[in-house]
Amino acid sequence: MAIVELKGVAKRYDSAPGRKGNDHANAVEDFNLTTKDGEFVVLVGPSGCGKSTTMRMIAGLEHNTAGEIRINGKDVSNVEPRDRDIAMVFQSYALYPHMSVYHNMAFALELKKTPKDEVKQRVQEAARILDIEHLLDRKPRALSGGQRQRVALGRALVRQPQVFLMDEPLSNLDARLRVEMRAEITRLHRRLGVTTFYVTHDQTEAMTMGQRIVVMRDGRIQQIDTPYNLYERPVNRFVAGFIGTPSMNFLQADRQGDTLKGEGFSCPLNPRQQAALEGGGQRSRCWLGIRPEHLHQVEESGGRGRLEGVIEVIEPLGPVTMAQVRAGETLITAQLAAHLDVRIGDVLTLAFDPDHVHLFDIESDRTLGLEAYPATSSAQATA
């Protein structure tokens, strides 16, 4: 069990030899986070955002150039990886091909001169938890991808660390196995209660696994929050667009009295939204965000928001149909009921509830009126 603290942590790479000036690259900048004991924290963001670098700094595989990393109150910034009492699971399974599953799992314990009886007990217990007892005598080449990932998890599990670090451990698996293994990892965490950091670029993994999620972009934290709050109360347009599948639609809107209007759409403003637009000065323009599931095909909007466009793409997905609709120069994604009879080229009229609309500042991209929502103790925004 452990509480992990990152205070002002940064990673800066020096400029390449021969380059002029003081050019440098900030892979991570001013990262601040304190976990709860036994918490499952997911770092998510696009490629190159700094999430894996942050993980490697916690592990000690990268040296933080600023700030402190503490585990249970002890600053480990200058402590060797082997002395941090952490276990890491990588994207590549990195199993020893000449060793059996048993010896792959036991190897780290054997290096530490752990008594043989204890090694056997730990390996067998981990194998039982992961349902790979029948594989202990096999070599890695005889295992499926999912079985190899279980062995990699077992190798970390037998060490009984204070902290688990998992860097995109499921990215090499097919879609069905990823779903199975993320449920397996969630069950394993619930059973063991070990503080866990999990890195992924897949926001679906992040939303289904994380107790708290750290959304990163260009080396900086954008928002730290629960899955629900990230989805319902994003702090900026980047978080709003990154969290959710399909992603949120964004339309440039002009305010005309108590209504927002743009190409092919209009939306009445509720009192909270009017106050948000007036806060900090009268705004005449903003971004309007609406999620695909909040758009509905109707004949009359009846006081709700209204959008009209031409269907360009139809994607039947069984229970729902995704339609891409061209409204002026903007392509909108709408989630429609599967039974609706729609065709490419049809003019589609969609309605939406103004209460489901998000408004963003046209220049800063920050969410307008976020302070009007009830505060949540888990929320942290640094955008």
Side-chain angles (χ1 to χ4, degrees), residues 1-6 33-45 51-52 54-59 69-72 84-94 105 108-109 122-133 145-173 175-216 224-231 243 377-378 380:
M1 298 289 191
I3 294 174
V4 180
E5 300 171 84
L6 293 92
L33 171 70
T34 300
T35 71
K36 300 174 184 175
D37 192 11
E39 188 174 20
F40 197 112
V41 176
V42 176
L43 308 182
V44 68
K51 55 189 184 295
S52 289
T54 302
M55 177 84 79
R56 291 173 64 83
M57 286 192 288
I58 297 171
I69 300 172
R70 293 181 173 271
I71 299 177
N72 281 338
R84 295 193 183 194
D85 198 12
I86 55 94
M88 194 162 184
V89 181
F90 295 94
Q91 178 178 351
S92 60
Y93 313 127
M105 292 172 65
L109 298 179
R122 287 201 201 179
V123 170
Q124 289 180 339
E125 174 64 12
R128 185 184 63 79
I129 291 171
L130 294 166
D131 193 25
I132 54 173
E133 293 173 285
Q147 289 170 336
R148 291 179 190 180
Q149 192 55 269
R150 281 186 167 86
V151 175
L153 287 170
R155 184 174 54 189
L157 188 59
V158 297
R159 296 178 60 187
Q160 298 178 353
Q162 291 189 94
V163 181
F164 279 127
L165 305 177
M166 301 187 185
D167 191 0
E168 302 203 46
L170 308 184
S171 59
N172 290 333
L173 303 180
R176 182 183 63 82
L177 272 177
R178 281 203 303 272
V179 173
E180 290 180 3
M181 284 304 301
R182 76 185 187 215
E184 190 75 33
I185 291 171
T186 300
R187 283 193 294 268
L188 185 63
H189 174 262
R190 189 165 59 243
R191 176 171 182 167
L192 301 176
V194 177
T195 302
T196 301
F197 284 85
Y198 187 102
V199 162
T200 182
H201 64 273
D202 184 335
Q203 57 91 18
T204 300
E205 272 185 25
M207 295 288 281
T208 55
M209 298 176 74
Q211 293 172 319
R212 271 196 303 168
I213 300 172
V214 182
V215 182
M216 297 185 68
I224 303 175
D225 220 323
T226 62
Y228 175 84
N229 282 334
L230 283 176
Y231 194 79
I243 299 296
S377 59
S378 62
Q380 178 182 331

Can you tell if the side chain of [X] reaches within under 4.5 Å of the side chain of [Y], non-hydrogen atoms only?
X      : Y      : answer
Asp131 : Glu184 : no
Val163 : Leu165 : yes
Gln162 : Ile71  : yes
Thr196 : Val41  : no
Leu6   : Thr54  : yes

When you measure from the side chain of [X] to the backbone of [Y], do you find a donor-acceptor pair of N or O atoms at a distance under 3.5 Å?
X      : Y      : answer
Arg212 : Thr226 : no
Arg159 : Leu109 : no
Arg182 : Met209 : no

Point-to-point distance, once rounded to the nearest 0.5 Å, from [atom1] of [X] to [atom2] of [Y]:
X      : Y      : atom1 : atom2 : result
Leu130 : Arg150 : CG    : CZ    : 7.0 Å
Arg191 : Thr186 : CZ    : OG1   : 15.0 Å
Gln149 : Leu173 : CD    : CG    : 6.0 Å
Arg178 : Ile185 : CZ    : CD1   : 12.0 Å
Gln203 : Ile213 : CD    : CD1   : 8.5 Å
Met207 : Tyr228 : CE    : OH    : 11.0 Å

**OP:** Check the pair Ile3, Thr195 against side-chain contact (heavy atoms from CB on, under 4.5 Å), reporting the backbone distance first and the verdict last.
**Re:** CA-CA 7 Å; Ile3 294 174; Thr195 302; over 6 Å; no
**OP:** Show the numbers, then the answer: is there a side-chain contact (heavy atoms from CB on, under 4.5 Å) between Lys51 and His201?
**Re:** CA-CA 9 Å; Lys51 55 189 184 295; His201 64 273; 4.1 Å; yes
Which heavy atom of [X] sits nearest to which heavy atom of [Y], and what is that distance?
X      : Y      : answer
His189 : Phe40  : CG-CD1, 3.5 Å
Thr200 : Glu205 : OG1-OE1, 3.1 Å
Thr35  : Ala2   : OG1-O, 4.1 Å
Val42  : Gly210 : CG2-CA, 3.5 Å
Val89  : Pro169 : CG1-CB, 4.0 Å
Gln211 : Gly38  : OE1-O, 4.1 Å

Subject >> side-chain contact (heavy atoms from CB on, under 4.5 Å) partner of Ile224, chosen from Leu43, Thr34, Val214, Asn229 >> reply: Val214
**OP:** For side chain to side chain donor-acceptor pair (under 3.5 Å), just list the numbers for Tyr198 and Glu168, CA-CA rounded to whole Å, side-chain angles, deciding distance to a tenth of an Å, and then say yes or no.
**Re:** CA-CA 7 Å; Tyr198 187 102; Glu168 302 203 46; over 6 Å; no
**OP:** For side chain to side chain donor-acceptor pair (under 3.5 Å), just list the numbers for Gln91 and Ser171, CA-CA rounded to whole Å, side-chain angles, deciding distance to a tenth of an Å, and then say yes or no.
**Re:** CA-CA 7 Å; Gln91 178 178 351; Ser171 59; 3.1 Å; yes
Subject >> Electrostatic pair Glu125:Arg128 at N-O distance under 4.0 angstrom >> reply: yes
**OP:** Test Val194 against Leu157 for side-chain contact (heavy atoms from CB on, under 4.5 Å), laying out the working first.
**Re:** CA-CA 10 Å; Val194 177; Leu157 188 59; over 6 Å; no
**OP:** Would you please test Met166 and Phe197 for side-chain contact (heavy atoms from CB on, under 4.5 Å) and show each step?
**Re:** CA-CA 6 Å; Met166 301 187 185; Phe197 284 85; over 6 Å; no
